[in-house]
S.K.: 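Let me give you the structure first, and then I'll get to my questions.
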Amino acid sequence: MRADQTDKTFVLKGIGVSPGVAIGRVYRFDPLDSKIAFYKLKDDSLIPKEVLRFKKALTESEQQLLEIQKNLKKAKVTEPLYVIDVHILILKDKIFTNRTIKYIRRLGINAEWALRMTLDHYKQIFEGVEDAYISSRVSDVQYVVQRVLRNLSGEKQENVWETGQDGVIIVSHDLSPADTAQMKLDKILGFATDSGGRTSHTAIVARSMELPAVVGLDNITRSVRTGDEIIVDGTSGLVVINPYPDMLKRYEEKKRHYDAARDEYLKYAKLPAMTLDNYHVQIGCNIEFIEEIPSAIVHGAENIGLYRTEFLYIYRDELPTEEDHFNNYRQVVTEKNLSWSTIRTFDLGGDKFPNYQKQSKELNPQMGLRAIRFCLKEVEIFKTQLRAIWRASAFGKTKILFPMISSVDEIREAKKLLEETRQELLSRGVKIASEMEIGAMIEVPAAVIIADKLAQEVDFFSIGTNDLIQYSLAIDRANERLTYLYEPLHPAVLRLIKRVVDMAHEAKIRTAMCGEMAGDPLCALILLGMELDELSMNHLAIPRIKKIIRESTIKESKILLEKALSFNTASEVRAYVVDYMMGRFPDEFQNEED
Ligand code: PEP
Ligand code: MG
């Protein structure tokens, strides 16, 4: 949706999923790009050589096409001959080649990058053509570009984020965990994507890397080209393309303001989350990569409440070995500043797939063979991870957490396999902890209903609201068209959470929450009123949540919760909670409902 437009400047509205403001140049990412070299030439004297390299690749491409044509003729295959003619014509087209050469000369970039910009240009022209046949002919240009790129490759394999001079803002249709995992994030300033929702893993990764991000922009990839100036405002969910000077100044100011406020919050990082009437909540951090641990500590994490270990699988082409697992877990659990580390066994499937299992064949992967279901089927893969977790437990306090539990049978089966691996290691004389707390993620409505039964099987619960909301409200968490329905304050969701905490406390076990709701400042008092024992969130959220908790009382939180639970509709609850929080913390929430 184009929210506002001047001559060259236009604004798009999406969903702000990672706060902050990023200002920079667009880099239109295509998953294919990860295999191609993009870099700025070291100095202008290299330009003539780069132009020659491009021309050589054109000649090679033409020769290859002529060769293919010759072979086809020999084999008396006539059908694709004219298509190859078209491709040769594109290769020789002066506008096509001169535009690329102009980019190399003017921007001092390598031929691959320039060619990619030319392709973007053609894509935009073709997409504007109403005739479906003609607009689909952009695939011919694409084909030619691929061939030339292939001929250019093999000289230097670097990505823009590895050698680029300045940072870029990645604009893409979507970013899979595998895409983001292979990016060198210090060259990236922010993200803007066509699809995705608040709890899609792209959003989670952006937040964990402290990069402003806006998702669900519908078709930003059609509206921008590599090199365009762009502002990503992850707080308000707005993206500005080619801002006019005054607008740019305003956003630079906003960025300064945001960065200063973030530093101000950091003052609360090391303080305990203790209410004015002495109710203490343990604050954990959610991580995907061990590289995030220093950030977690700086922002005030007291433990790791959720280590999403599936990213170990997504990173690579082959399954991680027991040693790969162990080396990662040991680094987490030995961190002296953390009271414990909760290692969640891998949750593959849903919207997270390893490289070697890119596309799920399931019609509905979110409800498919994911998480614990997958583990209980692929027992050997699962046991490899379980052994590594046990081995790590010898080095620091470790808790294990099983995702997507929906029955007592599942948790018993998981525990049985855990015990088998324990016995196996003990019989081999391997050092492991004498005990390890076992937790179940409560993220399926069935688990809430049988929470009293599950509580007898485990040492703690951790509520995964991202999935619990998805499954209870029947909303695909990654579907940007449904975000308006994704409501943590829905009365059904509040009742589900309350039941879990109550059942856990009745059984004298602790309950944590590790879904995104735990880090949502608007929900802080509601969750406090529920008497959750631990909130685990992305590190950026920690100082602000601590500040709010420290300025509240458990008494007022319970009254607020009771009132919230008395409403019939989600919008009534939201309106009441927003009003309360804005009145109570005017500095915190002044821009909340913009
Ligand atoms: C959740 O579902 O809330 C959760 C924390 O797990 P994930 O986001 O990894 O599915
Ligand atoms: Mg989940």
S.K.: Of all the heavy-atom pairs spanning Thr342 and Gly305, show the shortest one and how long it is.
M.R.: CB-O, 3.4 Å
S.K.: Given Ile304, which partner from the list Ile290, Val333, Ile287 fulfils the side chain to side chain contact (heavy atoms under 4.5 Å, CB included) test?
M.R.: Ile287
S.K.: Looking at OG1 of Thr384 and CD of Glu378, how far apart are the two atoms once the value is rounded to the nearest 0.5 Å?
M.R.: 11.0 Å
S.K.: Could you check whether any side-chain heavy atom of Glu551 comes within less than 4.5 Å of a side-chain heavy atom of Tyr268, counting everything from C-beta outward?
M.R.: yes
S.K.: Could you go through Leu528 and Ser552, starting from their C-alpha distance and side-chain angles, then the distance that decides it, and tell me whether this counts as side-chain contact (heavy atoms from CB on, under 4.5 Å)?
M.R.: CA-CA 9 Å; Leu528 206 53; Ser552 322; 4.2 Å; yes
S.K.: Of all heavy-atom pairs between Met441 and Pro403, which one has the smallest distance, and what is that distance?
M.R.: CB-CA, 3.8 Å
S.K.: Would you say the side chains of Ser406 and Glu410 form a donor-acceptor pair under 3.5 Å?
M.R.: yes
S.K.: Does a donor on one side chain sit under 3.5 Å from an acceptor on the other, for Tyr486 and Gln470?
M.R.: no
S.K.: Yes or no on side-chain hydrogen bond (donor to acceptor under 3.5 Å, both in side chains) for Tyr580 and Glu556, after CA distance, side-chain angles and deciding distance?
M.R.: CA-CA 11 Å; Tyr580 184 88; Glu556 67 169 319; 2.3 Å; yes
S.K.: Once you round to the nearest 0.5 Å, how far does CG of Leu527 lie from OG1 of Thr511?
M.R.: 12.0 Å
S.K.: What is the ring orientation for Phe374 with Phe346, classed by angle as parallel under 30°, tilted 30 to 60°, or perpendicular over 60°?
M.R.: perpendicular
S.K.: Can you see whether Phe395 has Arg330 sitting over its ring - NZ or CZ less than 6.0 Å from the centre and within 45° of the normal?
M.R.: yes
S.K.: Please name the pair of heavy atoms, one in His299 and one in His539, separated by the smallest distance, quoted to 0.1 Å.
M.R.: CB-O, 3.3 Å
S.K.: Measuring from atom CG of Leu417 to atom SG of Cys375, what distance do you get when rounded to the nearest 0.5 angstrom?
M.R.: 9.5 Å
S.K.: Just checking, any donor-acceptor pair under 3.5 angstrom between side chains of Thr569 and Glu572?
M.R.: yes
S.K.: If I take atom CE from residue Met517 and atom CG from residue Leu535, how far apart are they, to the nearest 0.5 angstrom?
M.R.: 10.0 Å
S.K.: Please check if the number of heavy atoms outside Lys431 that lie under 6.0 Å from its NZ is greater than 12.
M.R.: no
S.K.: With a 4.5 Å limit on heavy-atom distance, are the side chains of Ile548 and Leu525 in contact?
M.R.: yes
S.K.: Drop me the distance from Leu532's CG to Glu534's CD, to the nearest 0.5 angstrom.
M.R.: 9.5 Å
S.K.: For Met367, does the CE atom sit with more than 12 other heavy atoms under 6.0 Å from it, leaving out its own atoms?
M.R.: no
S.K.: Using a strict 4.0 Å threshold on nitrogen-to-oxygen distance, state whether Arg344 and Glu310 make a salt bridge.
M.R.: yes
S.K.: With the side chain counted from C-beta on, respond yes when Pro212 and Ser18 share a heavy-atom pair under 4.5 Å apart, and no when they do not.
M.R.: no
S.K.: Under a plain distance cut-off of 3.5 Å, with no hydrogens placed, do Tyr329 and Gln385 share a side-chain donor-acceptor pair?
M.R.: yes
S.K.: Quick check: are there more than 12 heavy atoms from other residues, nucleotides or ligands sitting under 6.0 Å from CD of Gln423?
M.R.: yes
S.K.: How long is the straight-line distance from OG1 of Thr193 back to CZ of Phe29, given to the nearest 0.5 Å?
M.R.: 12.0 Å
S.K.: What do the steps show when you test Glu457 against Val408 for side-chain contact (heavy atoms from CB on, under 4.5 Å), and what is the final call?
M.R.: CA-CA 8 Å; Glu457 301 288 334; Val408 170; 3.9 Å; yes
S.K.: Run Arg370 and Asp467 through side-chain contact (heavy atoms from CB on, under 4.5 Å) and show every step you take.
M.R.: CA-CA 12 Å; Arg370 63 172 278 205; Asp467 278 315; 3.0 Å; yes
S.K.: Taking the six-membered ring for Trp and the single ring otherwise, decide whether the centroids of His325 and Tyr313 are under 6.0 Å apart.
M.R.: yes
S.K.: Please work out which of the three classes, parallel, tilted or perpendicular, describes the rings of Phe382 and Phe402, given edges at 30° and 60°.
M.R.: perpendicular
S.K.: Give a yes or no on this: more than 12 heavy atoms of other residues, nucleotides or ligands lie within 6.0 Å of atom NZ of Lys415.
M.R.: yes
S.K.: Are Val448 and Leu468 packed together at the side-chain level, in the sense that at least one heavy-atom pair is separated by less than 4.5 angstrom?
M.R.: yes
S.K.: Salt bridge or not between Arg391 and Glu323? Use side-chain N to carboxylate O under 4.0 Å.
M.R.: yes
S.K.: Locate the shortest heavy-atom distance separating Asn538 from Cys285; write the atom from each residue and the value.
M.R.: C-SG, 4.4 Å
S.K.: Kindly write out the residues that satisfy side-chain hydrogen bond (donor to acceptor under 3.5 Å, both in side chains) with Lys453, not counting sequence neighbours, or none if the list is empty.
M.R.: none
S.K.: Salt bridge check: are Arg308 and Asp347 linked by an N-O gap of less than 4.0 Å?
M.R.: no
S.K.: Please tell me whether Ser407 and Asp409 have a donor and an acceptor in their side chains that are separated by less than 3.5 angstrom.
M.R.: no
S.K.: For Val493 and Glu487, work out which heavy atoms get closest and say how close.
M.R.: CG2-O, 3.8 Å
S.K.: Answer yes or no on whether Arg550 is positioned over the face of Phe585, meaning its NZ or CZ is under 6.0 Å from the six-membered ring centre and within 45° of the axis.
M.R.: no
S.K.: Of all heavy-atom pairs between Ala492 and Leu473, which one has the smallest distance, and what is that distance?
M.R.: CB-CD2, 4.5 Å
S.K.: Salt bridge check: are Glu419 and Arg422 linked by an N-O gap of less than 4.0 Å?
M.R.: yes
S.K.: Quick check with a 6.0 Å cut-off and a 45 degree axis cone: is Lys547 positioned over the face of Tyr265's six-membered ring?
M.R.: no
S.K.: Looking at Glu302 and Lys546, does any basic side-chain N land under 4.0 Å from a carboxylate oxygen?
M.R.: yes
S.K.: Classify the side-chain pair Ser536/Asn286 by whether it contains a donor and acceptor separated by less than 3.5 Å.
M.R.: yes
S.K.: Is there a donor-acceptor contact under 3.5 Å linking the side chains of His505 and Asp533?
M.R.: yes
